[in-house]
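For ligands, and for the atoms within them, numbers begin at 1 and follow the listed sequence.
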Amino acid sequence: MFAFDNSYARLPERFFQPVYPAPVAKPQLIRFNVALATELGLSPEVTDAARLAAIFSGNAVPTGAEPLAMAYSGHQFGQFNPQLGDGRAILLGEVVDANGQRRDIQLKGAGETPFSRRGDGRAALGPVLREYIVSEAMSALGIPTTRALAAVLTGEPVYRETVQPGAVFTRVAASHVRVGTFQFFAARGDTDGVKALADHVIARHYPEIAGEHDPYLALLSAIAGRQAALIARWLSVGFIHGVMNTDNMTVSGETIDFGPCAFLDEYDPQKVFSSIDQRGRYAYGNQPGIGQWNIARLAEALLPLFAGNEEENVSAANAALVEFGRVFQESWLDAFRRKLGIEGEAEGDLALVNDFLQLMHRGEADFTLTFRALGRVAGGAADLMLEAQFTDATGVGDWLSRWRARLADSATSPAGRQATMAAVNPALIPRNHRIEQAIQAGLSGDFQPFERLAMALERPYEDDPQFADLATPPRREERVTKTFCGT
Ligand code: AMP
Ligand code: MG
């Protein structure tokens, strides 16, 4: 089924532990992502649900797979943990997709590995459904992310705060190399390991820098740039990752590990959902600063490979961190200019964006609906359409005058602007309460809400009347105030 070519398995032995998935009692397919399977070039002969369930539960390991658990470390909430690794995930192998991109196929929840700490190596149904919904939604929103290939019930219970049905999630990623993977070798003083990993990552994700004078410094800058751009995209859709530990940050620039993640309903830059993030380290508005902090940890790991003397290397690493800030700021402003329908660049743009966000914060305006409504106003709808999003709309009229003045010298028609704004301001995001409802139904054996939500989120920029209920914010009693890792 898979034309495996496993480059990670060819790295030195200390990079991973070979381990086979532990078979499950009664695999049952919940969902298989046919579009993604096609993109991956998986041979289409397998359409039988029972066969797919056997493969994506780990019961039938496909030919050519070299299952392994990757070693990594990581800073978790600022504390360094030298020994993490795939404790409930097993990499089956890699395939080269239809676009020539190498992709990892990984089973999450496939049983114990040598890196399982305390845990059982299994995954509960709730987190599996959440990751499926959110990762596919992020992809449809156009944000770099790991993908969901399959979700399968194991037929076995897992014991968390409550007993839940067990499930296995198949994740597809450009790679699973994390900032924490570099830290694993750096923490052991294993500079050869850091170098072998850096060479692997350059070949795999940044082939264009291979010939540079100082490729490892160029690697740091390239990773920093992709992460900065990624986090700007998160903020542009109101995404809160929730657990931006260095082991949950890829070096490919894809979003990974959808644990206690959530989306803003009303705009609040300090918003936190994760039950374990008591100090708000990973609050919505802190994400760029944390991204930069994580890249600083990557810089420390890579530093011994840089070409200069120590002083030069430290100053080069600092320059890369400054560059992270610049790329973030530029990407963020670019994204928010688009959200306002602004073309080109003008002096007051930053203030225009910030003032709008401030009004939204004060007026408890729904992040998604407000930008969508602004697009309608651009197309000729009454200002009231927008003002209705604010509990306190004082100042919104004045702001709209400034915004119109900024748009005035553009030749774009109102309808044209509405269309371009609708292409960047989604109508649908995976609202926390809808995810929760889909999970609750799934836990009682009804996967219809999950199916429907997944289907609706394939086209997040369209106003589809049949999914209108999924676009609205929660009623008071539907609100999700806390999210959980559920590991
Ligand atoms: P995460 O919070 O998912 O990023 O995981 C942090 C660490 O805990 C990683 O090393 C995981 O592999 C490990 N871990 C998480 N869940 C489990 C589990 N159910 N069994 C064993 N190890 C786990
Ligand atoms: Mg993780």
Side-chain angles (χ1 to χ4, degrees), residues 15-17 19-22 24 57-58 67-91 104 106-132 134-135 145-146 148 154 156-173 175-185 187 227 240-252 254-262 273-278 281-282 290-291 294 297-298 483-487:
F15 278 56
F16 57 85
Q17 298 277 350
V19 57
Y20 266 71
V24 305
S57 60
L68 61 86
M70 291 168 67
Y72 54 84
S73 307
H75 276 90
Q76 303 180 303
F77 290 90
Q79 293 295 317
F80 187 63
N81 188 333
Q83 183 67 54
L84 291 168
D86 290 331
R88 57 156 174 175
I90 294 177
L91 178 66
D104 276 5
Q106 191 201 57
L107 303 181
K108 267 181 96 170
E112 270 189 73
T113 79
F115 301 114
S116 297
R117 297 167 316 126
R118 297 185 299 269
D120 49 12
R122 291 297 184 191
L125 178 60
V128 166
L129 297 182
R130 175 188 302 277
E131 179 155 358
Y132 198 115
V134 183
S135 63
T145 177
T146 62
T154 61
E156 293 171 6
V158 294
Y159 300 92
R160 299 291 181 264
E161 293 88 29
T162 55
V163 185
Q164 275 201 34
V168 178
F169 176 77
T170 305
R171 176 161 70 185
V172 174
S175 85
H176 284 86
V177 179
R178 306 141 191 272
V179 168
T181 320
F182 280 96
Q183 291 180 292
F184 179 86
F185 300 103
Q227 277 299 332
I240 308 170
H241 182 283
V243 59
M244 287 176 70
N245 296 334
T246 57
D247 53 304
N248 292 336
M249 184 187 257
T250 62
V251 298
S252 66
E254 288 184 337
T255 313
I256 196 168
D257 278 10
F258 300 87
C261 64
F273 287 93
S274 169
S275 60
I276 55 169
D277 190 5
Q278 274 145 11
R281 178 181 171 89
Y282 300 137
I290 288 293
N294 289 348
R297 307 289 77 77
L298 177 66
T483 52
F484 302 88
C485 276
T487 51

- [ ] Give yes if a backbone or side-chain nitrogen or oxygen of Gln76 is under 3.5 Å from a nitrogen or oxygen of ligand 1, and no if not.
- [x] no

- [ ] Give the numbers and elements of all ligand 1 atoms closer than 4.0 Å to a heavy atom of Asp247.
- [x] 4 (O)

Task: Contact with ligand 1 for Arg178, non-hydrogen, under 4.0 angstrom - done: no

- [ ] Give the numbers and elements of all ligand 1 atoms closer than 4.0 Å to a heavy atom of Arg117.
- [x] 7 (C), 8 (O), 22 (N)

Open item on the list: For ligand 1, which is the ligand I care about here, please tell me if Phe115 has any N or O atom under 3.5 Å from one of the ligand's N or O atoms.
Closed with: no

Open item on the list: Any heavy-atom pair between the side chains of Asn81 and Arg117 that's under 4.5 Å?
Closed with: yes

Open item on the list: Angle between ring planes, Tyr282 versus Phe77, binned at 30° and 60°: parallel, tilted or perpendicular?
Closed with: tilted

Open item on the list: Below the 3.5 angstrom mark, is there an N/O of Asp120, backbone or side chain, next to an N/O of ligand 1?
Closed with: yes

Open item on the list: Restricting to N, O or S, what is the name of the atom of Asp257 that lies nearest the Mg ion (ligand 2)?
Closed with: OD2

Open item on the list: Using side-chain heavy atoms (C-beta onward) and a distance below 4.5 Å, is Asp257 in contact with Lys108?
Closed with: yes

Open item on the list: Give the atom numbers and elements of ligand 1 that come within less than 4.0 Å of a heavy atom of Gly87.
Closed with: 11 (C), 12 (O), 20 (N), 21 (C), 22 (N)

Task: N, O or S atom of Asn245 closer to the Mg ion (ligand 2) than 2.8 Å - done: no

Task: Arg297/Asp247 salt bridge by N-O under 4.0 Å criterion - done: no

- [ ] Determine whether any heavy atom of Gly85 lies closer than 4.0 Å to an atom of ligand 1.
- [x] yes

TODO: Considering the heavy atoms of Arg160, write down every atom of ligand 1 situated less than 4.0 Å from one of them.
DONE: 19 (N)

- [ ] Compare all side-chain heavy atoms of Gln79 with those of Asn245 and state whether any distance is below 4.5 angstrom.
- [x] no

Open item on the list: Polar contacts were defined as any N/O atom of the residue lying under 3.5 Å from an N/O atom of the ligand; does this apply to Asp86 and ligand 1?
Closed with: no

